[in-house]
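A quick write-up on the structure given underneath.
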Amino acid sequence: MSDTSGLTTPALVDLHLAPTDKGEALRSLAQRLVAEGRVTDLDGFLADVAAREAQAPTGMGDGIGIPHCRSAHVTRPSLAFGRSTRGVDFDAPDGRPADLVFMIAAPAGADDTHLQILAALARRLMDPAFTGALRDAGSPGAVAALINGEEVPAVAPEAAPAPSPAPAPEAAAPHGELRLVAVTSCPTGIAHTYMAAKALELAAARAGARIEVETQGSAGTTVLAPEVIAAADAVILAHDVEVRDRARFAGKPTVDVGVKAAVNRADDLIAQAAGLVAEYGGGTRPTGAPVPGPRTPAGEHWAQRLRKYLMTGVSYMIPFVAAGGLLIALAFAVGGYQIASAPSVLGHFDWTSSHSWAAMLFQTGKASFGFLVPILSGYIAWAIADRAALAAGIAGGAVSVAVGAGFLGGIVSGLAAGFLVLWMIRWNVPRAVRGIMPVVVIPLVSVAVVGFLMFVVVGSPIASAMNGLTDWLNGLSGSNAILLGALLGAMMAFDMGGPLNKVAYTFAAGALTTAGTTPDAGSLKVMAAVMAAGMTPPLGMALATVVRRKLFTAEERENGKAAWVLGASFITEGAIPFAAADPLRVIPASIVGSMTAGGLVMAFGSTLRAPHGGIWVLPLIGSPVLYLLAVVAGTVLTAAVVVLLKGMRKGAAAEVPESPVAEKGLAGV
């Protein structure tokens with residue numbers, strides 16, 4: 001019985017899906033779910049689907065689209081299926097419209113069920129016999145039976161034609177059957193992760209090889225056994241995010257590509273692995289033979305990889321920033337700025353004294369802040385070279401703090417540790433030494449080298465740069481401060497949670513650590529400006545959906561309700577659904593509003609020591625009334641500009657009609 005059993009019924013199958021517009025096609029399938037009692041609110045469910053579509057395309061290529069979401073309006077895990085003769089554009093990587101559309105709906109609390117459905121379906125979609133049977137099925141009942149696993153396609157997967165010939169096993173592995181291990185992973189950990197795994201399994205079967213695949217996806221991971229890795233002749237890493245525990249494969253011939261390469265040309269990857277085995281003699285190579293090391297996935301620029309490394313470090317750092325910053329801010333709110341000089345609470349804590357509680361909050365927050373740079377550095381290194389680089393990265397970050405190099409030093413030490421360990425992983429060492437490489441040799445050498453680098457070579461220059469940055473921020477006034485606030489505001493709004501947004505936030509959060517106890521430090525004004533600028537895009541979109549409802553689709557109006565809370569909580573991503581639907585109007589409006597908010601905050605001199613929280617940390621904001629005025633001004637300007645731009649659309653496009661079809665037809669304008 002398939003993992004997709006019981007998901008669909010003949011009533012949920014449309015063999016003549018007429019709409020070619022994605023919005024209309026989704027509505028048509030969703031209406032079937034409503035009619036069957038599996039969805040309770042059509043517009044609410046479609047809003048959830050649209051929010052998921054805004055995150056990343058759900059077109060898989062080869063004529064397949066898998067729109068999906070978790071929603072509070074779904075009563076049970078369900079799947080609606082549509083077959084289109086003209087195709088529906090789901091932004092597939094190969095540009096081909098989808099003639100097979102699978103709409104997966106899962107209850108909001110059914111995360112495991114939802115992910116297991118997607119994983120099982122993604123694997124089956126790599127079977128050409130399965131997709132061929134769906135295209136040939138003559139009745140809704142036959143399609144429902146196929147999807148539910150009640151009927152097995154007659155053509156075995158091995159009979160599918162191979163895109164390219166694979167070398168015979170004897171040529172690739174003269175001493176026996178070719179043995180491979182693989183890891184697949186993608187940013188969402190759902191469709192491509194499991195499609196790549198299935199594609200590799202089918203390609204290996206065609207080549208007469210054995211393969212075991214570890215899917216590092218959201219539906220759970222079954223880790224490859226150490227003995228399986230040890231017995232493997234070669235490794236295939238098909239990934240768009242960093243492979244966890246990569247050091248396990250040190251010393252093995254490795255094919256390293258993006259996950260889509262495994263989906264689209266799995267036979268080629270098996271052939272490449274076989275060629276490496278023939279060249280290097282399998283898992284055991286002569287001493288001195290080079291070991292193919294990790295390579296950048298095909299098609300990904302080095303700058304993209306660098307951004308991924310830095311963003312990984314930032315993502316692990318942010319909880320320490322939030323916890324430490326909020327605790328310190330609360331301590332100052334309770335005990336004043338003089339609480340920074342209070343003695344340790346270890347032997348001076350009075351349960352009835354607010355001064356003692358404030359001191360405890362400050363000292364705990366300060367301890368959390370102390371981990372900020374080591375965690376940033378450690379997880380930058382981890383993103384580059386996995387667990388083996390953590391020790392050097394964290395130690396380098398600690399040295400950066402010791403020499404006063406701050407978060408800039410943490411970035412340098414993390415990159416240095418990661419690339420050093422990545423190079424060491426490629427060393428070809430005797431089998432007897434290989435077992436202690438990740439736990440003794442690599443940590444020992446890398447920590448010593450990174451420590452020398454930070455103490456002796458680059459630590460002092462970076463510390464001087466950090467001191468200069470701190471002095472510059474503290475000395476900002478007048479037009480310079482306003483221009484900086486406007487620039488940071490533009491960065492916060494341009495990609496709404498993307499790289500530029502994170503750079504601006506990281507700059508503010510890093511500068512926050514240099515503020516000390518000065519109540520009006522320039523770095524505190526920078527943090528206030530960044531948070532105000534990050535709040536205005538979703539708040540502006542929410543306001544626009546209220547003042548000019550007819551300019552927005554039903555889904556956007558639903559998103560507008562959530563955007564009020566998201567914006568007030570400093571979650572800029574609340575504006576993404578609007579930007580995805582209409583980027584040429586929403587993004588410029590958001591930039592104008594955020595620049596206004598950021599510039600006004602700097603002009604007013606508002607300060608903020610808490611690195612997150614939105615209006616919920618208003619008592620911790622300096623000049624809170626003026627701060628709110630800046631946020632309101634940015635919000636109103638954002639709404640006014642987006643309404644003006646949307647209202648300038650020509651003819652019938654100027655106002656979105658209330659009919660569902662018209663709404664959907666204009667959603668992509």
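Here, residue 1 is the first one in the sequence, and each next residue gets the next number. What you see below is based on every heavy atom in this structure, not just the backbone, and it leaves out hydrogens, waters and symmetry mates.
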In the structure I gave you, are the side-chain heavy atoms of R210 and D233 within less than 4.5 Å of one another anywhere? no
Evaluate the criterion side chain to side chain contact (heavy atoms under 4.5 Å, CB included) for residue pair I211 and L178; output intermediate values, then yes/no. CA-CA 8 Å; I211 189 170; L178 180 64; over 6 Å; no
Shortest non-hydrogen separation from M424 to V445 and the atoms involved: CE-CB, 3.6 Å
Does the side chain of E53 pick up a donor-acceptor pair with the side chain of T58 at under 3.5 Å? yes
OG1-CG distance between T8 and L146, expressed to the nearest 0.5 angstrom: 11.0 Å
Heavy-atom side-chain contact between V213 and V183 under 4.5 Å: no
So, for A391 and P443, which heavy atoms are closest and what is the spacing to 0.1 Å? CB-CB, 4.4 Å
Which atom pair, heavy atoms only, marks the closest approach of L15 to P140? CD1-N, 3.7 Å
Side-chain contact, heavy-atom cut-off 4.5 Å: I270 with I236? yes
Would you say H68's side chain and I66's backbone share a donor-acceptor pair under 3.5 angstrom? yes
Report yes if some heavy atom in the side chain of L79 is under 4.5 Å from a heavy atom in the side chain of F81; otherwise report no. yes
From NZ (K198) to CZ (F130), nearest 0.5 Å: 11.5 Å
Within a strict 4.5 Å, meaning less than it, do heavy atoms of the T184 and Q216 side chains meet? no
Please test E201 against R206 for salt bridge (Lys or Arg N to Asp or Glu O under 4.0 Å), starting from the C-alpha separation and ending with a verdict. CA-CA 9 Å; E201 291 167 357; R206 287 192 291 269; over 6 Å; no
Exam field: side chain K252 to backbone V181, donor-acceptor pair closer than 3.5 Å: no
Can you name the closest pair of heavy atoms from L200 and A182 and give their distance? CD1-CB, 3.9 Å
Would you say the side-chain atoms of R27 pair up with the backbone N or O of K22, donor to acceptor, closer than 3.5 Å? no
Donor-acceptor pairs are to be reported for all side-chain atoms of residues 414-423 against protein atoms at under 3.5 Å, with residues two or more places apart or in another chain.
none

Would you check if the side chain of R179 reaches a backbone N or O of A231 as a donor-acceptor pair within less than 3.5 Å? yes
Please examine the side chains of I64 and F90, heavy atoms only from C-beta on, and report whether any two atoms are closer than 4.5 Å. no
According to side-chain contact (heavy atoms from CB on, under 4.5 Å), who are the partners of E212, at least two apart in sequence or on a separate chain? L224, V228
If you define the side chain from C-beta out and look only at heavy atoms, does anything of L17 sit under 4.5 Å from L29? yes
Looking at every non-hydrogen atom in both residues, tell me the closest pair between P107 and P77 and how far apart they are. CD-N, 3.6 Å
Does any part of the side chain of L134, heavy atoms only, come nearer than 4.5 Å to the side chain of I147, both counted from C-beta? yes
What do the steps show when you test T254 against L237 for side chain to side chain contact (heavy atoms under 4.5 Å, CB included), and what is the final call? CA-CA 7 Å; T254 302; L237 303 179; 3.9 Å; yes
Of all heavy-atom pairs linking G141 and P10, the shortest is CA-CG, 3.9 Å
Does any N or O in the side chain of S28 come within less than 3.5 Å of the main-chain N or O of E24, such that one atom is a donor and the other an acceptor? no
Quick one, V235 with L180, criterion side chain to side chain contact (heavy atoms under 4.5 Å, CB included). Give me CA distance, side-chain angles, the key distance, then yes/no. CA-CA 6 Å; V235 180; L180 303 172; over 6 Å; no
Of V263, D267, L269, which is the lone residue that meets side chain to side chain contact (heavy atoms under 4.5 Å, CB included) with R265? L269
What's the spacing between M103 CE and D14 CG if we round to 0.5 Å? 11.5 Å
Pair R135-D99, salt bridge (Lys or Arg N to Asp or Glu O under 4.0 Å): steps then yes or no: CA-CA 8 Å; R135 288 186 170 101; D99 63 311; 2.7 Å; yes
So, T193 and T215: side-chain donor and acceptor under 3.5 Å apart, yes or no? no
Atom SG of C69 and atom CG of D48: how far apart are they, to the nearest 0.5 Å? 5.0 Å
Check: G410 main-chain N/O paired with S413 side-chain donor or acceptor under 3.5 Å: yes
Describe, in one word, how the ring planes of Y316 and Y379 are oriented to each other, choosing from parallel (under 30°), tilted (30 to 60°) and perpendicular (over 60°). parallel
So CD of E36 and OG of S78: to nearest 0.5 Å the spacing works out to 9.0 Å
Answer yes or no: does atom CZ of R32 have more than 12 heavy-atom neighbours from other residues, nucleotides or ligands under 6.0 Å? yes
What distance separates D256 CG from F249 CZ, expressed to the nearest 0.5 Å? 11.0 Å
Sorted by chain and residue number, the side-chain contact (heavy atoms from CB on, under 4.5 Å) partners of D89 (sequence neighbours excluded) come out as D91
Yes or no on side chain to side chain contact (heavy atoms under 4.5 Å, CB included) for E214 and R248, after CA distance, side-chain angles and deciding distance? CA-CA 12 Å; E214 177 181 311; R248 296 173 292 166; 2.9 Å; yes
